[in-house]
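Have a look at the structure below before the remarks.
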Amino acid sequence: MSEKVRYEYRRKNVLREMTPRRHVFAGIRRALLAAAIVGLIILALSNQDDHNNVQQGSLLDDDVNLTPEEKMIELATAAETEARLIERRKFLAEKCAEEGLDRPGNDSLHKPNAWEFLVNKEYHLIWCNVFKAASTSWMYNFNLLAGYSPQFLRASKAVPVSLARQKYPRHTAEELAKYLNDSISFLIVRHPFERLLSAYRDKLEHSLPHTFHSNLGAHIVWHYRSKDSKMTGKHGPRYPFFEEFVRWLLCQWKAGNELDMHWTPIVNFCTPCQVRFDIIAKFETLREDQDFLIKQAHVGHIIKPEWKNPTRGVQTKDVVQNYFTQLSKTQINDLYEMFRYDFILFDYSPEEYISLGKDNPTTLICKN
């Protein structure tokens, strides 16, 4: 195993602040906004005829039609986003070290999973595709970067990931390590429970007949739906209820079975403690994060910071409540254990979801 591929997490490199992390970040934000206001005042007093000669930095190279004031606001926004992304990298490094996930090993958590990365050599951009975390948008973007035209992609009936793999072959850990040296690497993360619910709704509740996930749903219904219940018997839907899906999923996880890529934990899929990521975008701040990424990579002439299927992906509080109230607190706590590292590494909390669960304890009974 090549040592180069490991992201060199070291406790001695983690900056430990004297004040709480959120206070430090809030101070940075206030300083950036103050600097932006001062800049706007200076621009307003300066000679407007010279504004076309002002260089605003590489992040704004493509924004030639912006006024000086708009450019200043863009710079302030970019600076705030960059500070947030730096903080995420530091936080990830600290948690990887605390959990012992930065050490090399032979199990799936301690060696790079280079198999899942898409490497664009022309634009020096590397992405680990986390399904149900803006994956539709960025698979489309990576297909554009590979040379497919928008017209072709709209007309094609091929699965986007299959098209992408025709242009982006899978690499070894050693090859990935080499490409990481001169590329921007990124991944997009999402609250584990929101991602799980999105996967369930998309792949099981809304599955098309006679597809893989439709057949999987029928299998779950057959084994995990009570045969003697009027509410959940033959009069129930063809797809599994969320509670039935969760029971099946927990059984799969506890048996050590390979999980579907749509609900595999990110820590197993992208091994973020073993591979360096320059940008950790979050679903909650996706618009700003991906705009920053596109400008950093200088690919704005090819792709735009679009977000495909936003309404289907976002879970409202009412939707979340409707599904998680089906579960017991025992089941939600078990789900937390399944996604524990995703919660810890990317700074998410399960408390809001646990509070929705039923108080009566449940016992997991698995079926073949």
Side-chain angles (χ1 to χ4, degrees), residues 130-133 189-209 211-257 259-266 283-284 309-344 346 348-368:
V130 176
F131 287 89
K132 307 313 297 178
V189 302
R190 185 178 187 179
H191 191 290
F193 287 169
E194 185 176 323
R195 175 175 169 246
L196 177 65
L197 179 54
S198 178
Y200 161 77
R201 295 180 70 198
D202 184 34
K203 297 301 175 183
L204 292 173
E205 192 174 82
H206 298 139
S207 64
L208 297 175
T211 61
F212 169 79
H213 286 102
S214 175
N215 294 335
L216 173 61
H219 170 83
I220 296 173
V221 167
W222 177 257
H223 288 284
Y224 287 86
R225 180 167 296 174
S226 174
K227 301 296 190 298
D228 58 359
S229 172
K230 294 181 180 180
M231 293 297 295
T232 59
K234 62 182 180 180
H235 299 295
R238 62 175 178 81
Y239 58 84
F241 291 106
F242 186 57
E243 191 274 339
E244 294 166 344
F245 163 70
V246 166
R247 277 191 284 138
W248 169 82
L249 179 62
L250 289 173
C251 286
Q252 294 295 304
W253 169 62
K254 292 193 174 187
N257 296 334
L259 301 176
D260 186 290
M261 56 194 172
H262 293 90
W263 40 77
T264 296
I266 296 173
F283 205 76
E284 297 80 8
N309 300 330
T311 55
R312 191 167 182 176
V314 175
Q315 312 292 337
T316 66
K317 288 188 176 181
D318 288 341
V319 170
V320 168
Q321 183 171 350
N322 181 48
Y323 287 91
F324 274 81
T325 51
Q326 298 178 28
L327 308 180
S328 68
K329 285 182 169 59
T330 304
Q331 290 172 315
I332 300 174
N333 276 306
D334 284 345
L335 282 176
Y336 170 76
E337 289 301 320
M338 176 179 171
F339 290 98
R340 177 176 175 270
Y341 286 133
D342 284 4
F343 277 97
I344 293 174
F346 303 118
Y348 287 110
S349 170
E351 295 306 320
E352 180 181 356
Y353 292 79
I354 292 175
S355 67
L356 296 173
K358 300 174 185 177
D359 290 325
N360 56 305
T362 54
T363 300
L364 183 64
I365 300 176
C366 298
K367 304 176 183 179
N368 295 328

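Between His219 and His223, the ring planes are tilted. Angles from 30° to 60° get that label. Below 30°, between 30° and 60°, or above 60°: for Phe343 and Tyr336 the angle between ring planes is between 30° and 60°, a tilted geometry.
Within the 4.5 Å cutoff, no side-chain heavy atoms of Glu352 are placed close to those of Val320.
Leu197 contributes atom CG, which lies 11.0 Å from atom CG of Asp202 (distance to the nearest 0.5 angstrom). Distance NZ/Lys254 to CG/Leu364: 5.5 Å, rounded to 0.5 Å. Here Ile354 contributes atom CD1 and Leu335 contributes atom CG; the two are 10.0 Å apart, rounded to the nearest 0.5 Å. Atom CG of Leu356 is separated from atom CG of Asn322 by 10.5 Å, given to the nearest 0.5 angstrom. To the nearest 0.5 Å, atom CD1 of residue Ile332 and atom NZ of residue Lys358 are 10.0 Å apart. In this structure, CG in Leu249 is found 10.5 Å from CG in Asn257, a value given to the nearest 0.5 Å.
No donor-acceptor pair closer than 3.5 Å links the side chain of Ser214 to the backbone N or O of Ser207. For His191 (side chain) and Ser349 (main-chain N/O), a donor-acceptor pair under 3.5 Å exists by modelled atom type. For Arg225 (side chain) and Glu244 (main-chain N/O), no donor-acceptor pair under 3.5 Å exists by modelled atom type. Without hydrogens or angle criteria, Lys329 side chain to Gly357 main chain gives a donor-acceptor distance under 3.5 Å. Between the Glu243 side chain and the Gln326 main chain, no donor and acceptor come within less than 3.5 Å of each other.
What you find for Arg195 and Ile266 is that their closest heavy atoms are NH1-CG1, 3.9 Å. Pro361 and Thr330 make their closest contact through CA-OG1, 3.5 Å (heavy atoms, listed as atom of the first residue, atom of the second, distance). Scanning all heavy atoms of the two residues, the minimum distance from Leu208 to Thr211 falls at O-OG1, 2.7 Å. For the residue pair Thr264 and Phe339, the shortest heavy atom distance occurs at C-CE2, 4.5 Å. Contact record, Ser328 with Gln331: N-OE1, 2.9 Å, taken as the closest heavy-atom pair. Between Leu216 and Trp263, the closest heavy-atom pair is CD2-CZ2, 4.0 Å.
Under the rule for a side chain to side chain donor-acceptor pair (under 3.5 Å), Glu337 has no partner lying at least two apart in sequence or in another chain. By the ring pair (Phe, Tyr, Trp, His ring centres under 6.0 Å) test, Phe242 is found to be paired with Tyr200, Tyr323, Phe324, residues two or more places apart in sequence or in another chain being considered.
Residues His213 and Asp260 have side chains that bring a donor and an acceptor to within less than 3.5 angstrom of each other.
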List the steps and the verdict of side chain to side chain contact (heavy atoms under 4.5 Å, CB included) for Leu250 and Trp253.
-> CA-CA 5 Å; Leu250 289 173; Trp253 169 62; 4.2 Å; yes
Apply the test side chain to side chain contact (heavy atoms under 4.5 Å, CB included) to residues Tyr348 and Asp342: give CA-CA distance (whole Å), side-chain angles for both, the deciding distance (0.1 Å), then the verdict.
-> CA-CA 8 Å; Tyr348 287 110; Asp342 284 4; over 6 Å; no
Kindly determine whether Leu259 and Gln252 satisfy side chain to side chain contact (heavy atoms under 4.5 Å, CB included), including the steps that lead there.
-> CA-CA 7 Å; Leu259 301 176; Gln252 294 295 304; 3.9 Å; yes
Show your reasoning for whether side chain to side chain contact (heavy atoms under 4.5 Å, CB included) applies to Tyr224 and Cys366.
-> CA-CA 8 Å; Tyr224 287 86; Cys366 298; 4.1 Å; yes
